[in-house]
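The structure appears below as structure tokens.
Note that the coordinates shown come from a computational prediction; the quantities given were computed from them, not determined experimentally. By convention in this document, chain letters (A, B, ...) are assigned in the order of the sequence lines, proteins followed by strands, and residues within each chain are numbered from 1.
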Amino acid sequence: MKLDSKIPAGPLSEKWSNHKFKMKLVNPSNRRKYHVIVVGSGLAGGAAAASLGEMGYKVSCFCYQDSPRRAHSIAAQGGINAAKNYQNDGDSVHRLFYDTVKGGDYRAREANVYRLAEVSSAIIDQCVAQGVPFAREYGGLLANRSFGGAQVARTFYARGQTGQQLLLGAYSALSRQIGLGQVKMYNRHEMLDVVKVDGHAKGIIARNLVTGQIERHAGDCVVIATGGYGNVFFLSTNAQGCNVTAAYRSYKRGAAFANPCFTQIHPTCIPVHGDQQSKLTLMSESLRNDGRIWVPNDTETAKKLRTGSMNPNDVPEDARDYFLERKYPSFGNLAPRDISSRAAKEACDAGLGVASTGLGVYLDFRDAIKRDGEQTIKERYGNLFDMYQCITGDNPYQVPMMIYPAVHYTMGGVWVDYNLETTIPGLFAAGEANFSDHGANRLGASALMQGLADGYFVLPYTIGNYLGEQGIAAAGKVTTDAPEFDAVEKDVRDRTERLLAIKGKTSARTFHKRLGDLIWEYCGMARSKEGLEKAIAEIQALREEFWRDVRVPGEADELNPELERAGRVADFLEFGELMCRDALMRDESCGGHFRVEHQTEDGEAKRDDINFSFVGVWEFKGENVEPALHREALDFEVAKPSVRSYK
Amino acid sequence: MKLTLKVWRQKNNQTLGRLETYVLEEVSEDSSFLEMLDILNEQLIADGQTPVAFDHDCREGICGMCSLTINGIPHGPDGGTTVCQLHMRRFNDGDTITIEPWRARPFPIIKDLVTDRSSFDHIMQAGGFISVRTGSAIDANEIPVPKPVADYAMDAAACIGCGACVAACKNASAMLFTSAKVAQLNSLPQGKPEKDRRVLAMVNAMDEAGFGSCTNYGECSAVCPKEIPLDMIAKLNRDYIVAQTKSIFTKVG
Ligand SMILES: Cc1cc2nc3c(=O)[nH]c(=O)nc-3n(C[C@H](O)[C@H](O)[C@H](O)COP(=O)(O)OP(=O)(O)OC[C@H]3O[C@@H](n4cnc5c(N)ncnc54)[C@H](O)[C@@H]3O)c2cc1C
Ligand code: FES
């Protein structure tokens with residue numbers, strides 16, 4: 001496998017315009033002859049399908065939910081970044097670019113990040129024109145806030161529902177194209193494999209989740225915009241159906257997978273309540289603007305707090321450790337996500353954790369309420385406080401909130417070149433499903449930006465370029481009768497039959513939970529060689545047990561959520577191993593990837609630019625065979641790597 | 001806690017369904033309602049029975065996928081919450097809970113508690129958008145939007161499209177859902193050019209999908225997890241009458 005990132009020549013700020021100019025175009029009257037398959041209807045997929053449909057291409061769009069409006073982008077709360085500089089605080093494309101590269105701990109590709117910053121402004125224009133009700137100032141202009149440790153206010157938001165509003169904007173554009181007949185929408189369909197003809201992606205095999213029918217769909221190219229793989233941890237802030245299936249099956253057909261171990265653990269989630277838990281809920285990071293994070297100074301007090309024999313409000317000031325303020329005086333409670341999460345874990349590991357499980361730290365609004373009054377705090381965070389109370393039963397105006405880190409975002413993903421094309425020609429990957437822009441750690445409010453950049457402003461060009469290169473004679477050539485479809489469909493059917501035939505004793509959910517525990521323990525916030533090696537062996541054993549003992553009730557030809565789950569868990573069981581291998585290979589600490597062997601004396605991550613300034617790219621080599629590692633070297637021409645210090 | 005559940009079971013839309021009774025022993029108060037159903041399903045799988053199919057995804061009250069009628073009330077006893085946000089501490093040890101799907105003709109049952117709500121998408125496809133080509137938008141600050149207008153649009157846009165409003169309405173009317181989208185887009189300056197056309201098309205699509213008319217019961221707003229107010233419907237009616245009157249005199253294009 002040869003990796004060619006296809007980064008255009010020329011100065012960073014001119015790459016994208018030059019590249020756009022050089023691209024092949026498809027004549028408007030020829031566009032209808034091409035059929036583009038878009039898997040996913042989130043910000044990336046929804047925006048791409050709507051834009052391509054509007055340009056005149058024939059588009060089929062797929063999602064597993066009952067409506068494209070329900071993709072998990074809907075859950076994003078905080079906001080979306082753009083280099084508008086509306087606040088006149090010195091923001092610029094260059095600054096957004098620089099912050100993103102630095103925030104990613106110098107493990108992202110400069111050219112892609114620059115393009116992202118460059119198109120960010122157009123995203124806001126597009127969304128506003130669609131009717132996205134962003135927050136406004138009294139003068140009628142758009143409001144901004146500073147988010148996730150940024151020193152400029154460049155984040156646009158729609159109350160605590162930014163993702164919902166952006167997605168509904170994309171969904172409305174998509175709906176318009178569906179109504180016009182340009183896009184055909186396949187709800188409740190799950191992509192189970194990709195079909196290659198002459199080496200190019202020319203279709204997918206999908207299961208109609210209502211009838212259970214296995215369907216073939218042929219097209220001139222395929223986009224996967226299927227979101228992140230955070231559910232490999234079982235508990236995460238993702239939706240229940242989020243999966244790695246589309247990405248992983250593509251990997252098994254030849255699409256390389258990049259940096260799978262780069263996952264983001266978000267510091268402010270509601271702690272786990274117990275064994276029956278099915279998901280974790282994020283509390284917007286904006287809470288850290290006013291809340292102070294602390295644990296008690298000594299384990300005795302911590303014990304009392306855990307059992308409820310002491311009220312946190314009674315812990316005197318000098319018995320509290322505001323550990324972020326202490327360790328990172330200039331950023332304090334706003335220190336970046338990876339750093340804040342790890343600090344919370346360290347406190348809990350030292351026996352200072354609160355919550356009944358010992359896995360929680362306080363996020364305390366007492367001082368903010370004293371300073372600004374309860375009313376002001378209510379105006380700022382009322383809906384978040386209500387949400388917290390609804391889930392935990394505690395009133396955060398009276399007792400401090402408890403928070404604990406949880407898996408939230410996956411920076412790794414399918415490897416793509418500058419055109420967002422994978423190593424399978426004609427297969428594109430967009431949004432959280434690709435690896436491209438966030439390096440080893442994503443900054444707050446930049447995933448929404450990336451999803452929409454990919455969908456509205458990158459793919460519509462690069463797909464046209466790909467189709468143009470293939471030529472009009474190739475349009476619509478491949479149909480579902482091609483023998484390649486027979487073979488892949490057979491694989492999909494065999495697998496489903498195998499799952500149903502095992503008739504073991506243990507539910508897919510149980511396996512998922514066991515896998516999640518392993519990944520969290522060994523490939524979570526702190527990783528070590530020893531732990532990762534152990535995890536790989538245990539995952540292999542668990543996978544073997546799964547294929548021997550899973551019980552999948554019901555039939556193949558009906559709505560069967562357990563069968564869906566089993567298929568996804570089976571993929572996670574393979575993918576989890578790949579993740580651990582990547583983490584083991586990356587013998588340095590960077591961003592969200594913390595190898596305990598590589599830390600400074602005071603416990604900070606130690607990056608190794610000499611040996612690890614590359615993207616780790618994995619190529620599938622066969623079932624139960626070690627995958628091959630390729631390295632895409634990263635060159636930093638403009639944003640020179642420096643130590644990422646938030647002290 | 002120990003619970004008795006009466007759950008609607010129906011193999012598919014060709015067969016008749018009925019309530020089945022199940023007993024659950026150890027449910028934690030801290031569990032959510034859907035986690036309680038997970039426990040039921042794990043128990044059913046272990047007993048070799050078919051688990052209960054129900055729709056859910058985000059489990060944080062925003063995707064609009066979850067859709068259960070609990071003791072006769074869509075989304076259950078608490079105001080302003082979805083089923084997935086409902087927690088078991090809201091119930092008592094020993095309670096009997098009846099769980100049914102949305103019941104409304106335009107939402108046919110697919111299986112057990114899962115219904116087909118694609119008619120909502122059809123209403124949106126008819127006019128729930130502002131026609132703007134990708135990349136052709138003007139600068140976002142070019143048209144100032146007064147804060148109260150933006151806030152009103154946001155109140156309307158909070159709808160999650162779950163369909164509880166329809167399930168709660170004796171007429172199975174989709175007025176609250178449709179009016180929320182119309183109110184959002186018609187009140188913003190960007191949405192004005194298509195204002196008349198939008199409201200006519202969406203109301204028409206609503207009728208075609210078989211939703212009933214609104215006779216002001218107000219149940220829709222009472223069960224709405226996002227508390228969309230009834231005055232959105234009043235706005236829709238106003239916009240509709242204006243658009244219709246205009247269309248008599250001019251052809252609205
Ligand atoms: C709770 C939460 C809060 C967040 N807050 C923020 C924030 O404030 N700011 C920010 O910038 N980012 C935030 N993020 C991250 C951001 O929301 C996501 O990274 C982004 O929305 C992902 O968009 P996407 O289009 O790539 O994927 P998604 O929106 O997840 O869409 C995936 C699509 O693929 C479909 N799909 C998946 N698998 C298959 C399959 N096998 N077959 C067919 N279809 C399939 C799904 O149906 C869906 O339509 C948040 C994330 C979470 C979880
Ligand atoms: S599962 Fe998403 S709103 Fe309930």
_Option that, when pairs with chain A are counted at under 4.5 Å, heavy atom only, ranks first among B:Asn12, B:Val27, B:Ile143_ = B:Val27
_Pair A:Asn243-A:Asn231, side-chain contact (heavy atoms from CB on, under 4.5 Å): steps then yes or no_ = CA-CA 6 Å; A:Asn243 63 84; A:Asn231 275 351; over 6 Å; no
_With a 4.5 angstrom heavy-atom cut-off, is it the side chain or the backbone of B:Ala126 that approaches chain A, or both, or neither?_
neither
*Where the side chain of A:Ser175 meets the backbone of A:Tyr171, is there a donor-acceptor pair that is under 3.5 Å apart?*
yes
*Select one option (side chain, backbone, both, neither) describing which atoms of A:Thr392 are under 4.5 Å from chain B's heavy atoms.*
backbone
_With chain B as the partner, which of A:Ala143, A:Pro133, A:Ala135 has the greatest number of non-hydrogen pairs under 4.5 Å?_
A:Pro133
*Measure B:Ile45 against the heavy atoms of chain A and call it side chain, backbone, both or neither at under 4.5 Å.*
both
*Between A:Asn383 and A:Tyr388, does any side-chain donor sit less than 3.5 Å from a side-chain acceptor?*
no
*Sort B:Arg89 into side chain, backbone, both or neither according to what part of it lies under 4.5 angstrom from a heavy atom of chain A.*
side chain
*Apply the side-chain contact (heavy atoms from CB on, under 4.5 Å) test between A:Lys84 and each candidate in A:Leu142, A:Ile123, A:Asp125, A:Asn144; give the one that qualifies.*
A:Asp125
*Relative to chain A, which segment of B:Val149 carries a heavy atom at a distance below 4.5 Å: side chain, backbone, both, or neither?*
neither
*chain A contacts, top residue of B:Gly191, B:Ala156, B:Gly64 (heavy-atom pairs, under 4.5 Å)*: B:Gly64
*Would you say the side-chain atoms of A:Gln276 and B:Ser31 include a donor-acceptor pair closer than 3.5 Å?*
yes
*B:Asp38 versus chain A, the contacting section by heavy-atom distance below 4.5 Å*: side chain
*Below 4.5 Å from any heavy atom of chain A, which atoms of B:Gln184 appear? Answer side chain, backbone, both or neither.*
side chain
_Option in A:Arg551, A:Met185, A:Gln165, A:Gln240 with maximal non-hydrogen atom pairs under 4.5 Å from chain B_ = A:Gln240
_Checking the side chain of A:Asn560 only, and the main-chain atoms of A:Glu555 only, is there a donor and an acceptor separated by less than 3.5 Å?_
yes
*asked:* Only pairs of heavy atoms separated by less than 4.5 Å count here; which of A:Gln177, A:Gln65, A:Arg159, A:Gln130 has the most with chain B?
replied: A:Arg159
*Among A:Gln77, A:His72, A:His408, find the residue that satisfies the side-chain hydrogen bond (donor to acceptor under 3.5 Å, both in side chains) test when tested with A:Thr237.*
A:His408
*asked:* At a 4.5 Å cut-off on heavy atoms, which part of B:Glu142 comes close to chain A: side chain, backbone, both, or neither?
replied: neither
*Presence of salt bridge, B:Lys147 and A:Glu137, under 4.0 angstrom*: no
*Could you tell me whether B:Asp57 and A:Arg70 have a side-chain N and a carboxylate O separated by less than 4.0 Å?*
no
*For this output row, return yes or no: ring centroids of B:His56 and B:Phe54 closer than 6.0 angstrom.*
yes
*What option among A:Arg509, A:Gln161, A:Glu562 has the most heavy-atom pairs under 4.5 Å with chain B?*
A:Arg509
*What part of B:Thr115 lies closer than 4.5 angstrom to a heavy atom of chain A: side chain, backbone, both or neither?*
backbone
*For chain B, which of A:Gly131, A:Gly241, A:Ser278 has the most heavy-atom pairs under 4.5 Å?*
A:Ser278
*chain B contact via A:Ala75 - which portion, at a heavy-atom distance below 4.5 Å*: both
*Please state whether the side chain, the backbone, both or neither of B:Ser131 comes within less than 4.5 Å of a heavy atom of chain A.*
both
*What part of B:Gln49 is in contact with chain A, defined as an atom under 4.5 angstrom from a non-hydrogen atom: side chain, backbone, both or neither?*
backbone
_Proximity breakdown for A:Tyr138 and chain B, heavy-atom pairs closer than 4.5 Å_ = both
*For chain A, the option from B:Thr81, B:Ile160, B:Asp78 that forms the most heavy-atom pairs under 4.5 Å*: B:Ile160
*Is the shortest distance from a Lys or Arg side-chain nitrogen in B:Arg90 or B:Glu29 to a carboxylate oxygen in the other one below 4.0 Å?*
no
*Which one of B:Gln190, B:Lys181, B:Met154 has the most heavy-atom pairs closer than 4.5 Å to chain A?*
B:Met154
*What part of A:Asn187 lies closer than 4.5 angstrom to a heavy atom of chain B: side chain, backbone, both or neither?*
side chain
_Between B:Leu185, B:Val114, B:Asn141, who has the most heavy-atom pairs with chain A when the cutoff is under 4.5 Å?_
B:Asn141
*Checking heavy atoms, do the side chain of B:Asn13, its backbone, both or neither come under 4.5 Å from chain A?*
neither
*Among B:Ile62, B:Ile130, B:Asn41, which has the most heavy-atom pairs under 4.5 Å with chain A?*
B:Ile62
_Atom group of A:Ile391 that falls short of 4.5 Å from chain B, counting heavy atoms_ = both
*Just checking, A:Arg154 and A:Tyr86: is the charged tip under 6.0 Å from the six-membered ring centre and within 45° of the axis?*
no
_Salt bridge B:Asp55-A:Arg188, side-chain N to carboxylate O under 4.0 Å_ = yes
_Salt bridge check, A:Glu54 against A:Arg176: does any charged N sit closer than 4.0 Å to a carboxylate O?_
yes
*asked:* Using salt bridge (Lys or Arg N to Asp or Glu O under 4.0 Å), reason through B:Arg9 and B:Asp112 one step at a time and then give a plain yes or no.
replied: CA-CA 4 Å; B:Arg9 302 303 309 260; B:Asp112 295 340; 3.3 Å; yes
*Output, in order, the C-alpha distance, side-chain angles, deciding distance and verdict of salt bridge (Lys or Arg N to Asp or Glu O under 4.0 Å) for B:Glu35 and B:Arg59.*
CA-CA 10 Å; B:Glu35 285 165 355; B:Arg59 296 202 174 189; 5.1 Å; no
*Would you please indicate yes or no on a ring centroid separation below 6.0 angstrom for B:Phe177 and B:Phe211?*
no
*Pick one of side chain, backbone, both or neither for A:Phe134, based on which atoms fall under 4.5 Å of a heavy atom in chain B.*
backbone
*Flag the one option from A:Gly139, A:Ser172, A:Pro553, A:Gly179 with the top tally of heavy-atom pairs under 4.5 Å to chain B.*
A:Ser172
